[in-house]
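Order of appearance sets the numbers: ligands from 1, and atoms from 1 within every ligand. Remember, it's a predicted structure, so these values are computed and weren't measured experimentally.
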Amino acid sequence: MKKQVVLYKKLSPLLMARLHEQTEVTLIDSLDAEGLAKMREALPKAQGLLGASLKLDAALLDLAPDLEAIASVSVGVDNYDIDYLTERRILLSNTPDVLTETTADTGFALILASARRVVELANMVRAGHWKRNVGPAQFGTDVHGKTLGIIGMGRIGEALAQRGHFGFGMPVVYHSHSPKPAVEQRFNAQYRSLPQLLQEADFVCLTLPLTAETEGLIGAEQFALMGPETIFINISRGKVVDEVALIDALRKGQIRAAGLDVFEREPLDSASPLLRLDNVVATPHIGSATHETREAMAKCAVDNLLMALAGERPVNLVNGLAWKG
Ligand code: DGY
């Protein structure tokens, strides 16, 4: 008998056909109240779940006593209670690697847009306010040759370092759990303590996952260490940053600008003070959002799920302790 899968993300016809071929699929079209009610109805029979952008808490997962595997279409796994899943021996997989380069591209887009004031000045042109040659009031700041600071030197951090070092001649400093000699050699990067990096980098970029340890890592104390020329970039998770402290630092001119793809609450409230600040470039969590990459992520998730449901260890298993072998 085919296994039951609850799918809460639309897939391309190709991937949909693959999933249908091997499993019974219940598709949850949207994550509104109606969709969630449909999901609750389907969970009691489900062996597999595939989707993203939904906090799957114990209250929801307790409805699925036969659940064997969850394939998340994301690299971040902050929507899951990993200890709970492991205790229940539910295999959780994610989609690393396939989104690394695209997410680093997004990071660099925010670096360039923030430094050169691309959005603010493009809006000025669009509004018909370009009446004469720009002067110092519209000037930005250089990117090439400036110090790139990366907090969290994982795959995406490395891809950002590669762009900065080889593409823009930027000295790279980084902070992570421990020094990474291979990264230092490849990008001539130098390890720094967090306070040292905040004081030294022209661009402070967050590329680390949200965990109990990283939640609220950057707050008032950390912004106070940055300088008035610092540009702050976040492509990790909003909750790594105290957003009130960030707004305060931007308003006070404690830092120069911010490029943000992630926020404490998403979607960002249109009343957020961040959207009233000209020195903020805000994008709607588009780190991996290209046609090619999202398809690759979905394929990776389908592969992981089908492997898990077939009794094989998924390639991107997150909670190895749940694997029975
Ligand atoms: C990821 O894959 O974690 C992206 O941030 C999308 O959530």
Would you tabulate the side-chain donor-acceptor contacts of residues 104-119 under 3.5 Å, counting partners in other chains and residues two or more places apart, or write 'none'?
| residue | atom | partner | partner atom | Å |
| --- | --- | --- | --- | --- |
| D105 | OD1 | R163 | NE | 2.9 |
| D105 | OD1 | R163 | NH2 | 2.9 |
| T106 | OG1 | T102 | O | 3.2 |
| T106 | OG1 | G287 | O | 2.9 |
| S114 | OG | L110 | O | 2.6 |
| R117 | NE | E120 | OE1 | 3.0 |
| R117 | NH1 | A137 | O | 3.0 |
| R117 | NH1 | F139 | O | 2.9 |
| R117 | NH2 | E120 | OE2 | 2.9 |
| R117 | NH2 | A137 | O | 3.0 |

Side chains of residues 124-136: which donor-acceptor pairs under 3.5 Å do they make with residues two or more places apart or in other chains?
| residue | atom | partner | partner atom | Å |
| --- | --- | --- | --- | --- |
| W130 | NE1 | R132 | O | 3.2 |
| K131 | NZ | G128 | O | 3.0 |

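Side-chain polar atoms of T283 and D261 form a donor-acceptor pair below 3.5 angstrom. With 3.5 Å as the limit, one finds no donor-acceptor pair spanning the side chains of T26 and K45.
Looking only at side-chain heavy atoms (C-beta outward), L250 and L274 come within less than 4.5 Å of each other.
Under 4.0 Å from any atom of ligand 1, one finds heavy atoms of residues S74, V75, G76, L99, R237, H285, M297.
Other residues sharing the hydrophobic cluster of I70, ordered by chain and number and joined by side-chain separations under 4.5 Å: V6, Y8, I28, L31, L36, M39, L43, L49, L54, L56, L60, L61, L63, L67, V77, Y80, I82, Y84, L85, I90, L92, V318.
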